[in-house]
Novice: 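What follows is a structure written as structure tokens; I'll ask about it next.
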Amino acid sequence: MYYLSTYISLKTLLVVVLLCAFRSSAQAESTLVDRLDNSIYELSSHASRLTGYPGAEAAADWIEGQLLGMGIGEIHRHEFPLLMPVDDGFTLGLDGQSLPIHGVWPNLIRTSTLPEDGIGGPLVYGGDGLSLEGNEVDGRVVLLEYESQDDWVGAFQLGAKAVVFLASNGAHRAEAAQKFLSVPANLPRFFADEHVSAVLRQRAADKPAVRLNGRMPMRQVSGRNIIAIIEGRDVQLRDEAVYVTAYYDAMSPVPAVAPGAEQSSSATALLELARIWSERQPQRTVVLIWTAGHFQNLAGMRYLTPVVMAASGRRAPDMLNGQERALAERLGKFRLRFAAGLDLSTGSSLVGVFRPTAPFRTSLLAPPITSRLMNRAAAFEDSLRLGRRVLANGLKQDFSRQSLGAMAEVVPMDASVLALSGCPTVAFATINDSRSRFDVVDDVPERVHSVRLSEQVELLASLLTSLADDPQLEFWEWGNDAFGTIRGQVVHYGPRSYLPDKPTGNALVRVRLRNPTLAGVRPDFWAAADDSGYYAIPGVETRIIYTQPVRLEAYGVDAWGAISDAPDWGINGERKLPGRSLKVLMDDLEEEVQIVTASLRGTTLFGL
């Protein structure tokens, strides 16, 4: 690989450096595809890569090992708390066998945790739901094909004790969104893998008696963000930094079955960029960030953003812990020029560059680096893509690229969280792809189109390297700070209390948003209160022209998954004093809200 002065003509520089860096022979391309295939295979080789599951920890360890193997010696860990449904294991007893099954994503916070002695009943096969007609369902355990949309609700309306979904290959992500509710209904749902599904289909006609046991508690786990720093090689530019981010976790409607091969595209691409930059350091420093908790409303980036803000002098470090302060101090050695978030998939080889806002409602201006970035893209396309346009311009109106396409739907992005804080940020995302393999149980490597990913990686490596090397890069000011945090305490009335003054320890706190899922991302904010009932939820949009009130809720859950406490919206709770309103208009960076709960016992009612 050659190094050429950045002061020679732009087009000559781009063509020569690109040809050298990417060795545009068929053999070099094959090597890149092989590396991507290997990374995708390694990251998806575990049963589940949901944050808080062993596969996510193993994936983080593997990424760190790869970085060390590249000679990248400065790697930081940033840990953060996250509330997750953790599948401790379920079994279905049949004919003396104990068959493994898995819990489905909770209905709000009500998981499929079963009573201590389990539940039992005869099996009945319902196909896609239509086969239930004419069958006795009351008191039975119903088998449904996974591709049955939301007909499982009808089975429970007919009196089913539980529903077990049978595996089917190639189901679309739309099925996942129909397998759980946004209310805490106690409706136990399970998933059987291909082997167990075959056994159950074979025995279903005999309607044998079965017994189900197991637990899936809501548990606070620890997520791990990985931050690697490659210092720049230019004496004057090395004190400036370009941040590049991607997520490495996965999502599935069955938390214990989430291999996430397609969902590893962004992490895999960033790992390849790390390899390129470890071999040839850019002029500026690059800070590479792999986040966890992406599918839990961008949690990893929501907890890391205050560190980035403190490092840039945008917020005081008062609320950071010791680990975070040390990381902020280290990152503060570099002046952040801009950040780029990756959100890639392999249903298309085309990429778009965007002003990242989703799922927020912030308004962003076209960045000052837009023209430079698009000129770099044109040079890449002319020299290595025979003039074929491969980058859509979502930064400003561009009729010359309008026909390339766009995002198929709203996709929440980690880059949007950085942009919410005012950080100069762009997002690179795959366009013309519905991401049908996201949020499915069979997101496996065999269905990933790594050649398409390789084309995206080559483009990103060219663009980001040229921008990180460019001494004439336009200065990009930080924008408006709209990154809010809600803090407070969850309390309830004691036996002799005039006002609620007893902490509801370990309550589960929710900021309710509009959609139960967006492209696999669960967009509600969740946090676990501590023993004294105190909680904090970072990353809530505030101080924007379109600010809408948000609704807060808090729940208590017993050891067997049943709701024991819920928000008190009555005359003794929210309506008692104006200061306890649970509908909050975020108009400041910090809002403090006391949530009053009341003890209760949940009941599931249909048809309301």
Side-chain angles (χ1 to χ4, degrees), residues 47-48 50 52-53 83-94 98-121 123-124 126 129 137 139-146 148-167 175-193 196-197 200 210-219 221 251-258 296 439-441 508 516-517 522 524 526 555-564 601-604 606:
S48 176
L50 256 74
Y53 281 69
L83 189 64
M84 291 291 290
V86 179
D87 193 331
D88 286 341
F90 290 92
T91 60
L92 185 150
L94 171 65
S98 183
L99 303 175
I101 55 175
H102 310 285
V104 174
W105 192 262
N107 289 330
L108 194 62
I109 58 161
R110 186 51 170 105
T111 70
S112 293
T113 292
L114 298 172
E116 188 171 7
D117 57 350
I119 59 175
L123 279 183
V124 59
V137 176
R140 268 65 171 176
V141 175
V142 175
L143 302 179
L144 291 178
E145 297 297 332
Y146 181 76
S148 55
Q149 301 181 24
D150 61 355
D151 286 343
W152 60 272
V153 178
F156 282 108
Q157 287 179 309
L158 295 173
K161 284 190 172 181
V163 168
V164 179
F165 295 109
L166 305 178
E175 285 289 340
Q178 300 181 79
K179 295 298 181 283
F180 56 92
L181 304 176
S182 57
V183 293
N186 181 19
L187 305 174
R189 295 143 296 122
F190 304 94
F191 176 82
D193 63 22
V196 174
S197 293
L200 296 178
V210 297
R211 189 150 202 88
L212 283 63
N213 295 88
R215 299 180 70 244
M216 179 194 273
M218 296 295 295
R219 186 176 294 156
V221 301
M251 175 51 76
S252 161
V254 183
V257 186
Q296 285 67 54
D439 199 8
V440 297
V441 294
L508 312 182
T517 183
R522 310 295 191 252
D524 279 347
W526 282 99
Y555 298 89
V557 178
D558 68 19
W560 300 102
I563 293 177
S564 58
R601 179 176 296 177
T603 301
T604 300
F606 293 99

Novice: Side-chain contact, heavy-atom cut-off 4.5 Å: H102 with F190?
Specialist: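 The answer is no, as the side chains (C-beta and beyond) never meet within the 4.5 Å cut-off.
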
Novice: Atom CZ of R140 and atom NZ of K161: how far apart are they, to the nearest 0.5 Å?
Specialist: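 Between atom CZ of R140 and atom NZ of K161 there are 10.0 Å.
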
Novice: If you define the side chain from C-beta out and look only at heavy atoms, does anything of P85 sit under 4.5 Å from W105?
Specialist: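 Of all side-chain heavy-atom pairs linking W105 with P85, at least one is under 4.5 Å.
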
Novice: When you compare the side chain of P100 with that of F90, does any pair of heavy atoms fall below 4.5 Å?
Specialist: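 With C-beta onward as the side chain, the pair stays apart.
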
Novice: Heavy-atom distance under 4.5 Å between the side chains of P253 and Y146, does that happen here?
Specialist: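 Counting from C-beta outward, P253 and Y146 do come under 4.5 Å.
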
Novice: Could you go through L508 and V557, starting from their C-alpha distance and side-chain angles, then the distance that decides it, and tell me whether this counts as side-chain contact (heavy atoms from CB on, under 4.5 Å)?
Specialist: CA-CA 8 Å; L508 312 182; V557 178; 3.8 Å; yes

Novice: With rounding to the nearest 0.5 angstrom, report the CG to CG distance, L123 to L94.
Specialist: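 Answer for the CG-CG pair, L123 versus L94, is 6.5 Å.
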
Novice: About how many Å separate CG of D524 and OG of S182, when rounded to the nearest 0.5 Å?
Specialist: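 The OG atom of S182 sits 8.5 Å away from the CG atom of D524.
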
Novice: Looking at side-chain heavy atoms only, is the closest gap between M84 and L50 below 4.5 Å?
Specialist: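 Yes, at least one pair of side-chain atoms sits under 4.5 Å.
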
Novice: Before accepting this row, confirm whether a basic side-chain N of the pair R601/D558 lies closer than 4.0 Å to the acidic partner's carboxylate O.
Specialist: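 Salt bridge between R601 and D558, a charged N being under 4.0 Å from a carboxylate O: no.
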
Novice: Are the side chains of R189 and F156 in contact, using a 4.5 Å heavy-atom criterion?
Specialist: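 Result yes, sub-4.5 Å side-chain heavy-atom pair found.
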
Novice: Backbone N or O of G561 within a donor-acceptor pair of the R215 side chain at under 3.5 Å?
Specialist: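 Pair absent, no side-chain N/O of R215 close to backbone of G561.
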
Novice: Kindly determine whether T91 and I101 satisfy side-chain contact (heavy atoms from CB on, under 4.5 Å), including the steps that lead there.
Specialist: CA-CA 6 Å; T91 60; I101 55 175; 5.8 Å; no

Novice: When you look at F165 and V104, which way does the side-chain contact (heavy atoms from CB on, under 4.5 Å) test go after all the steps?
Specialist: CA-CA 9 Å; F165 295 109; V104 174; 4.0 Å; yes

Novice: Is D439 salt-bridged to R522, cutoff N-O under 4.0 Å?
Specialist: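 Result for this pair is yes, salt bridge flagged.
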
Novice: So, using side chain to side chain donor-acceptor pair (under 3.5 Å) as the criterion, who are the partners of T111 when residues are at least two apart?
Specialist: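 Scan of T111 (side chain to side chain donor-acceptor pair (under 3.5 Å), adjacent residues dropped) gives T113.
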
Novice: Closest approach of I119 and L114, non-hydrogen atoms and distance?
Specialist: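 Scanning both residues completely, I find the closest heavy atoms to be CD1-CD2, 3.8 Å.
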
Novice: Is the shortest side-chain heavy-atom distance between N107 and V183 below 4.5 Å?
Specialist: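 They are not in contact (no side-chain heavy atoms under 4.5 Å apart), so the answer is no.
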
Novice: So, do L187 and F606 sit near enough that their side-chain heavy atoms are less than 4.5 Å apart?
Specialist: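 Touching, per the 4.5 Å side-chain cut-off.
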
Novice: Go through V210 and L200 one step at a time and tell me if the side-chain contact (heavy atoms from CB on, under 4.5 Å) criterion holds.
Specialist: CA-CA 10 Å; V210 297; L200 296 178; 5.5 Å; no

Novice: Enter the distance from M251:CE to S48:OG here, rounded to the nearest 0.5 Å.
Specialist: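 Between atom CE of M251 and atom OG of S48 there are 9.0 Å.
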
Novice: Once you round to the nearest 0.5 Å, how far does CG of D151 lie from CG of L144?
Specialist: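 CG of L144 is found 7.5 Å from CG of D151.
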
